[in-house]
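Read the numbers this way: they start at 1 and go in the same order the structure lists the ligands and their atoms. When reading the values below, keep in mind they use all heavy atoms of this one structure, side chains included, and skip hydrogens, waters and symmetry mates.
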Amino acid sequence: MLTATGLVKHYGGVAALDDAGITAESGQVHALVGENGAGKSTLVKIISGAVRPDAGSVELDGHPVRFANTRQASAHGIAIVSQELMTFGDLTVLENLFPFGGPRRFGLVSTRAMERRAAPVLEELGLDVSPHARVETLSLADRQLLEICRALLQDPRVLILDEPTSALPRQAADRLAGTTKRLAERGLAVLYISHFLEEVLRVAQRVTVLRDGRTVLTGEEIEQVGVDSLVTAMLGGAAPSVARAERARRGAASLALTAVGVAGRLRDVSLNASGGEIVGLAGLQGAGHLAVLDVVCGRARPATGSVRLPGGAAPRSPRHAVAAGVAYVSGDRKGRGLMLDQSLWENATAVRRLGLGRDGLMPSRRRMVERTEHLIRRLRIRGGPYDVTAQLSGGNQQKAVLAKWLDADPAVFALDDPTRGVDVGARAEMHEIVRDLANDGKIVLIAATDLTELVDLCDRVLVFQRGRITDEIDGQSLSEQALSLAMNAGFAAPL
Ligand SMILES: Nc1ncnc2c1ncn2[C@@H]1O[C@H](COP(=O)(O)OP(=O)(O)OP(=O)(O)O)[C@@H](O)[C@H]1O
Ligand SMILES: [Mg+2]
């Protein structure tokens, strides 16, 4: 019912798309996969009217269409949830849900009518927030669900989801998978972009693979393909090998939280982490594991107890924590990680340029560009030092957040979903880098919505419930299932 063919899109010298296409059939979920920078977002942005192609065509029910903007596409029944979330923080949930004006009564926008329309959609996706809450108070996961609700409220015939689960915890992701399948059963055509291949296999019937802007696998039945051939098609050859490297001996540096309490978030939490350790922090939303990162980064002040960073200082503010050697890598790259309007080199060297590098040295611009080039190679970022960061693909932006901190050489890495939206190959590389950091004697604290990430990386994982540490899992017992059980222990079984 919707077909895109022969799409070409160049940005300056970069070919984002070079003969790409995809078909969306009503009643089916069609997955679109590929490495970071392969052109997936560009392809769906063209379909949804956000970007104009240099060549190629989009047809809806056999008629060529050309949308000037997403609003026109929406009027034709095409709704998109884009990868970089587009919520308005200072507006309410309800105002975000009806961007083109909500249902009207007597010519006036009716709040009551909006609430009535929104309620079942929020319920179906399990988004439990007040319609009048300001969106900036919502977690990244809830903002992601909010955008999906907004798309559904447009009653689309074609629904495009660009990395809809990258910030969602397991339960919410499973729930979304269920909803997506039901929508397709009701006759929607769904285009689904994700780096989680098992998720793609569960949700989609068909798959298209993009590599370097070209379709290399077109609309195959997904059951006939399988993960191995998918990965091969994406990477064009060698699949990444991920070995669990031997861990080096512990370094001397240590981080200590003693009986830390933060109003409404943490109660009596004590933990010690030594240099060379990768310590996972797990919990359901609001369990307190993220509050630990906030405390270490100086963004939350303990009301009781104390925090000691490796140098002996207590983090007094985010700026002070950075100067004391704490790096904070967030999956919320738009809100917390990057200056999107600046170049990659400016971002990569930002910590140092703000005078926060621990050695106090401020190298020349040429040196900083060279360091950025080095980081680009190390992290395999697809982009150059002078590229504006907003123009990098989502996964490459995420790598830039890590690059920025690697340049500053901190002693503690506080990672919150550090690989959100990063493709399988690059993710394995980022994991290698995190292990290298630990082997260099750094302390790594990591929270991740994807539990496999914790299992792959951590020496041990602390499990939080209601602001307290309720479990610690390490060694052979560390598995996704064990974590999930510990996180949910004492609560009613999920769904
Ligand atoms: N506005 C833009 N200006 C310049 N280059 C761009 C722009 N948008 C995308 N690109 C480039 O086009 C290429 C494809 O980007 P795209 O965002 O489509 O990738 P993607 O497959 O969605 O990757 P990811 O998995 O990381 O989200 C990248 O090299 C990117 O840097
Ligand atoms: Mg993308």
Side-chain angles (χ1 to χ4, degrees), residues 4 7-22 31-54 56 70 80-86 144 147 160-167 191-197 199-200 207-217 230-231 233-236 240 331 333-334 337-338 340-345 347 372 376 379-403 417-430:
L7 294 178
V8 175
K9 178 72 191 176
H10 287 262
Y11 289 104
V14 179
L17 290 180
D18 180 16
D19 193 13
I22 195 164
L32 177 58
V33 299
E35 280 187 282
N36 293 135
K40 305 178 296 294
S41 294
T42 306
L43 176 58
V44 295
K45 280 180 191 163
I46 290 174
I47 293 174
S48 63
V51 164
R52 313 250 182 113
D54 301 336
T70 48
I80 183 167
V81 176
S82 63
Q83 180 176 17
E84 302 309 323
L85 300 181
M86 312 268 237
Q144 197 158 43
E147 289 233 17
I160 302 171
L161 301 172
D162 191 350
E163 304 260 353
T165 60
S166 66
L191 288 184
Y192 195 95
I193 299 178
S194 175
H195 288 294
F196 299 117
L197 297 179
E199 175 180 299
V200 161
V207 63
T208 287
V209 179
L210 278 185
R211 188 166 76 234
D212 296 333
R214 291 166 183 268
T215 358
V216 290
L217 209 77
L230 267 188
V231 172
M234 284 168 55
L235 306 184
R333 49 190 173 257
K334 203 171 173 183
L338 292 172
L340 288 172
D341 55 340
Q342 298 195 18
S343 66
L344 191 50
W345 81 264
N347 273 285
T372 308
I376 286 173
L379 290 165
R380 297 206 202 170
I381 297 174
R382 192 183 290 219
Y386 297 103
D387 287 355
V388 174
T389 315
Q391 297 175 354
L392 297 180
S393 77
N396 285 306
Q397 285 180 15
Q398 189 60 41
K399 294 187 207 171
V401 182
L402 182 58
D417 249 342
T419 63
R420 182 168 87 90
V422 168
D423 70 50
V424 278
R427 196 170 136 114
E429 280 155 24
M430 278 173 81

What's the shortest distance from atom 30 (C) of ligand 1 to any protein heavy atom, and which residue and atom give it? Gln391 O, 3.4 Å
With heavy atoms only and a cut-off of under 4.0 Å, state how Lys45 meets ligand 1: side chain, backbone, both or neither. neither
Say whether Ala38 and ligand 1 are in contact under the criterion: heavy-atom distance to a ligand atom below 4.0 Å. yes
Judged by non-hydrogen atoms, does Gln398 sit under 4.0 Å from ligand 1? no
Give me the residue, atom name and distance of the protein heavy atom closest to atom 29 (O) of ligand 1. Arg382 CD, 3.7 Å
Among all the protein's non-hydrogen atoms, which is closest to atom 12 (O) of ligand 1, and how far away is it? Ala16 CB, 3.2 Å
With the side chain counted from C-beta on, respond yes when Ile160 and Ser48 share a heavy-atom pair under 4.5 Å apart, and no when they do not. yes
Using distance alone, determine whether Ser393 and ligand 1 share an N or O pair under 3.5 Å. yes
Nearest neighbour in protein (non-hydrogen) for atom 8 (N) of ligand 1: Tyr11 CE1, 3.4 Å
Would Met234 and Val33 satisfy side-chain contact (heavy atoms from CB on, under 4.5 Å), going step by step from the backbone distance to the final call? CA-CA 7 Å; Met234 284 168 55; Val33 299; 4.1 Å; yes
Considering heavy atoms of the protein only, find what lies nearest to atom 14 (C) of ligand 1 and give residue, atom and distance to 0.1 Å. Gly37 O, 3.4 Å
Give me the atom names and distance for the closest heavy-atom approach of Arg427 to Val422. N-CG1, 3.5 Å
For ligand 1, which atoms, with element, lie under 4.0 Å from some heavy atom of Gln83? 27 (O)
For Gly39, state whether at least one heavy atom is located under 4.0 Å from any atom of ligand 1. yes
Quick one: pull up NZ in Lys40 and CD in Glu163 and give me the separation to the nearest 0.5 Å. 6.5 Å
Can Arg211 and Glu35 be said to form a salt bridge (charged side-chain N to carboxylate O under 4.0 Å, His left out), step by step? CA-CA 7 Å; Arg211 188 166 76 234; Glu35 280 187 282; over 6 Å; no
Within the structure, is a non-hydrogen atom of His195 found at a distance of less than 4.0 Å from ligand 1? yes
With a cut-off of 2.8 Å, does any N, O or S atom of Ser41 fall short of it relative to the Mg ion (ligand 2)? yes
Does an N or O anywhere in Leu392 fall below 3.5 Å from an N or O of ligand 1? no
N/O/S atom of Ser393 inside 2.8 Å of the Mg ion (ligand 2), strictly under: no
If we only count heavy atoms from C-beta on, is the Ile22 to Val44 side-chain gap below 4.5 Å? no
Looking only at protein heavy atoms, which one is nearest to atom 25 (O) of ligand 1, and how far off is it? Lys40 NZ, 2.7 Å
Which of these passes side chain to side chain donor-acceptor pair (under 3.5 Å) with Ser166: Gln398, His195, Gln144? Gln144
Among all protein heavy atoms, pick the one closest to atom 18 (O) of ligand 1 and tell me residue, atom and distance. Thr42 OG1, 2.6 Å
Rounded to the nearest 0.5 Å, what's the gap from CG on Asp341 to OG1 on Thr389? Could you check? 8.0 Å
Yes or no on side-chain hydrogen bond (donor to acceptor under 3.5 Å, both in side chains) for Thr165 and Glu199, after CA distance, side-chain angles and deciding distance? CA-CA 9 Å; Thr165 60; Glu199 175 180 299; 2.8 Å; yes
Within the structure, does Gly34 bring an N/O atom to less than 3.5 angstrom of an N/O atom in ligand 1? no
Subset of ligand 1 atoms that lie under 4.0 Å from at least one heavy atom of Glu35: 21 (O)
Are Ser82 and Asp162 linked by a side-chain donor-acceptor pair shorter than 3.5 Å? no
Within the structure provided, determine whether Thr215 and Val209 are in side-chain contact (heavy-atom separation under 4.5 Å). no
Test item: Pro385 and Ile376 side chains (from C-beta on) under 4.5 Å apart, heavy atoms: yes
With a cut-off of 4.0 Å, which atoms of ligand 1 are near a heavy atom of Gly395? 24 (P), 26 (O), 27 (O)
